Chemist: 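Have a look at the structure that comes next, please.
Note that the structure is a prediction, hence the values are computed from the model and not measured. Whatever order the structure lists them in is the order used to number ligands and atoms, beginning at 1.
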Amino acid sequence: MQDKLSLMIPGPTPVPETVLRAISRHTISHRSYEFETIFNRINKKLQWLHQTQSNVISITGSGTAAIEAGIINTLKSGDKVLCGDNGKFGERWVEVAHIYNLDIEVIRSPWGKALDPEAFRIALENDTTKLIKAVILTHSETSTGIINDLSSINHYIKSHGVALSIVDCVTSVGVCDIPIDTWGIDVVCSGSQKGYMMPPGLAFIAMSKNASEAQKRSDLPKFYLDLKYYQKTAIKNSNPFTPAVNLYFALDAALEMMHTEGLESIFKRHKRHSKAIQLAIKTMGLSLYAEEGHESPAVTTVAPIYVDAELVRTIIKERFNILLAGGQGQLNGKVFRIGHLGFICDRDIIATIAALEVTLKTMHPDRIHIGQAVAAAMSALV
Ligand SMILES: *Cc1c(COP(=O)(O)O)cnc(C)c1O
C-alpha cells in the first residue's frame, strides 16, 4: 500500500505532517530578515532542547559531520585522546581520530556490553601529566542498543581537569535527559533524522566554554567544518555558507512540537516505549542483545535465537509495511533492530509488536501464542 510505510528504524525516523508541510514552503533567501528571524528563534529552542546556555551550532550534514566537526575543532594534531568503543559508532570515531593523527587509546567493551566507567576512571587518574586532551564516546550506541553511562564517565573526565568530553549523542538528544550545562559536558553532537522528528540533513554541535577555549588552539585541517565561521555569523543570525533553508523551516516546526510536548514527557515517552518493546521481545522468546540495565531508550537490538533476522524483516515489511533495521558490522544478518525514537506514539509500538507476533507465528507456529507479546507491551503502556 502506497504511503503507508512505518519507519521503525533508528534513523531516519518518521516525520510529522506539520514538519513536512513546513519543508514544502517556497525557499527564501538565507540573507533575508525573515530567515534571520527564524534562525534566531531556532537557536533559542536548540539551547532549550540541549539544556545549555551555550550556542548550539547547526551545519548541513548528517550526524557524522557533527562528530567529525566536534573532534577537529577542539584538538591538535598528535593530541592524546581516549576513545570508547563498544559498537559500530564507537568504531567510527576511532577511525576519524586515526585519520586526523590523534594519539589514541581505545577503551573497549564487547558489543552488547556497556562501556565500563571504571576503565575511564583508571586511565584518566593515571594520566598525572595531563596528556589526555579529550575523551570521545558514544552515548546511545545504536548498533547494539546499549546506552553508555555518560554521567559517570563524564564525572571522571571532569575530575581529570584537562580532558574535554566529546560525545556522540545522535540517538540520545531529544530521547533522554542530558543536562549538558549541569554535568559540564563539552561537546555534544547530534543529527536531525533521529530524535528531532526531521528528515536527514542537519547536524548539531553544542560546545562548552572549555571547548571554545580549546578551539582557539586547534590546528587540525578544516574549512567547511571550521566552526569559527558558524560562530561568527551566528551572532548576526546568519550562516557562513548557504544553509539547507527548508530544513530550517522543518526544524522550527519540529522544535515547536517538542517544546509543546515538554522535555520530561519526551523522555518518559521514550522510556515507556523501550520498556514495552523489551517486555514484548522477551515474551516472544527472543533476547535483547543489550546487557540488562543498559538498554537504550532509542533502539532495541534483538538477537534472535530461533529466527532468521533478515527473513523477519522481509516478511514484516511486505505484510505490514513496517520497516525494521538490520544488524550493522559484525551483527549483519544476525539481529534486527527496532527504532523507537522521535515521532513515535503508543500506536506505533502496539502495531509493531502485533505485526512481529504474526510474522513470527507464520514462521514458528508452535513458539508463539498470539496476543501474549501485545499484552506484555500494553502492560507497560497503561
Ligand atoms: C545515526 C547515528 C550517527 C550518525 O550517522 P549519520 O548517518 O552520519 O547521520 C552517529 N552516531 C549514532 C550513534 C547514530 O545512531
Side-chain angles (χ1 to χ4, degrees), residues 7-15 50 57-72 83-97 99 108-109 111-115 135-150 153 165-176 178 185 187-206 224-225 244 247 250-251 254 270 274 289-290 294-302 323-332 335-344:
L7 287 178
M8 296 300 288
I9 59 175
T13 58
V15 181
H50 284 79
I57 304 154
S58 52
I59 59 175
T60 308
S62 73
T64 302
I67 290 121
E68 182 161 343
I71 293 172
I72 66 181
C83 286
D85 173 5
N86 60 336
K88 187 71 194 159
F89 290 98
E91 237 169 48
R92 185 179 293 178
W93 315 135
V94 173
E95 207 177 321
V96 173
I99 286 168
R108 251 187 209 99
S109 279
W111 285 39
K113 296 270 183 288
L115 291 171
V135 177
I136 303 168
L137 77 149
T138 303
H139 187 199
S140 163
E141 179 44 87
T142 314
S143 58
T144 60
I146 284 277
I147 185 115
N148 287 309
D149 184 356
L150 178 57
I153 296 171
S165 45
I166 302 177
V167 195
D168 169 350
C169 290
V170 177
T171 50
S172 54
V173 167
V175 173
C176 59
I178 314 168
I185 311 173
V187 183
V188 168
C189 308
S190 58
S192 59
Q193 82 278 25
K194 307 286 175 110
Y196 288 82
M197 314 194 287
M198 278 183 62
L202 289 180
F204 309 95
I205 307 115
Y224 193 75
L225 292 182
L247 287 181
L251 181 59
H270 285 87
S274 54
Y289 188 73
H294 301 270
E295 301 92 348
S296 167
V299 54
T300 300
T301 298
V302 183
L323 190 65
L324 303 182
Q328 291 172 286
Q330 64 190 61
L331 294 181
N332 190 7
V335 300
F336 61 85
R337 294 176 300 149
I338 306 172
H340 35 86
L341 75 162
F343 187 52
I344 298 290

Chemist: Need the ligand 1 atom indices (1-based, order shown) with element for anything under 4.0 Å from a heavy-atom of Thr171.
Modeler: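 Atoms satisfying the 4.0 Å criterion: 15 (O).
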Chemist: Are Ser143 and Trp111 linked by a side-chain donor-acceptor pair shorter than 3.5 Å?
Modeler: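 Result is no, nothing qualifies.
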Chemist: Specify the protein heavy atom at minimum distance from atom 3 (C) of ligand 1: its residue, its atom name, and the distance to 0.1 Å.
Modeler: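 In this structure, atom 3 (C) of ligand 1 has Phe89 CE2, 3.4 Å as its nearest protein heavy atom.
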Chemist: Indicate yes or no: at least one non-hydrogen side-chain atom of Asp149 is less than 4.5 angstrom from one of His294.
Modeler: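 No. Closest side-chain heavy atoms not under 4.5 Å.
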Chemist: Using every non-hydrogen atom in the two residues, find where His340 and Ser274 come nearest and quote the distance to one decimal.
Modeler: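 Closest approach of His340 to Ser274: CE1-CB, 3.4 Å.
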Chemist: I want to know if ligand 1 touches Val170 in the polar sense, i.e. an N/O pair below 3.5 angstrom.
Modeler: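 For ligand 1, there is no N or O atom that lies under 3.5 Å from one belonging to Val170.
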Chemist: Using the test side-chain hydrogen bond (donor to acceptor under 3.5 Å, both in side chains), find all partners of Ser192 that sit at least two apart in sequence or belong to another chain.
Modeler: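 Result, side-chain hydrogen bond (donor to acceptor under 3.5 Å, both in side chains) vs Ser192: none returned.
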Chemist: Measuring from the heavy atoms of Pro10, does anything fall under 4.0 Å of ligand 1?
Modeler: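 Outside the 4.0 Å threshold, so no.
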Chemist: For ligand 1, which atoms have a heavy atom of Thr142 less than 4.0 angstrom away?
Modeler: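 Near Thr142, meaning under 4.0 Å from one of its heavy atoms, ligand 1 has 12 (C), 13 (C), 14 (C), 15 (O).
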Chemist: Could you check atom 6 (P) of ligand 1 against the protein and tell me its nearest heavy-atom contact, residue, atom and distance included?
Modeler: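 Of every protein heavy atom, Ser62 OG, 3.3 Å lies nearest to atom 6 (P) of ligand 1.
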Chemist: Which is it for Arg92 and ligand 1 at heavy atoms under 4.0 Å: side chain, backbone, both or neither?
Modeler: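 It is the side chain that gets close, since no backbone atom is under 4.0 Å.
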Chemist: In terms of ring plane angle, is the pair His50 and Tyr196 parallel, tilted or perpendicular, where the classes change at 30° and 60°?
Modeler: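 Answer is tilted, since the angle falls between 30° and 60°.
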Chemist: With Thr13, which residues qualify under side-chain hydrogen bond (donor to acceptor under 3.5 Å, both in side chains), at least two apart?
Modeler: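 Thr13 satisfies side-chain hydrogen bond (donor to acceptor under 3.5 Å, both in side chains) with no residue once adjacent residues are dropped.
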Chemist: Atom 2 (C) of ligand 1: which protein heavy atom is closest, and how many Å away?
Modeler: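 Answer, as residue, atom name and distance: Lys194 NZ, 2.6 Å.
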Chemist: With a cutoff of 4.0 Å, is Gln193 in contact with ligand 1, counting heavy atoms of the residue only?
Modeler: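 Checking ligand 1 against Gln193, which is what was asked, there is a heavy-atom contact under 4.0 Å.
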Chemist: I need the atoms of ligand 1 closer than 4.0 Å to a non-hydrogen atom of Ser140, numbered in the order shown.
Modeler: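 Result: 13 (C).
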Chemist: If I take atom CG from residue Leu137 and atom CD1 from residue Ile153, how far apart are they, to the nearest 0.5 angstrom?
Modeler: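 Atom-to-atom, Leu137:CG and Ile153:CD1 are 5.0 Å apart.
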Chemist: Look at atom 11 (N) of ligand 1 and say which protein heavy atom is nearest, naming residue and atom and giving the distance to 0.1 Å.
Modeler: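 For atom 11 (N) of ligand 1, the nearest protein heavy atom is Asp168 OD2, 2.6 Å.
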Chemist: Strictly by modelled atom types, are Ser140 and Thr171 linked by a side-chain donor-acceptor pair under 3.5 Å?
Modeler: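 Yes, Thr171 and Ser140 have a side-chain donor paired with an acceptor closer than 3.5 Å.
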Chemist: Of the side chain and backbone of Ala65, name the one, both, or neither that has a heavy atom under 4.0 Å from an atom of ligand 1.
Modeler: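 Contact part for Ala65 vs ligand 1: neither.
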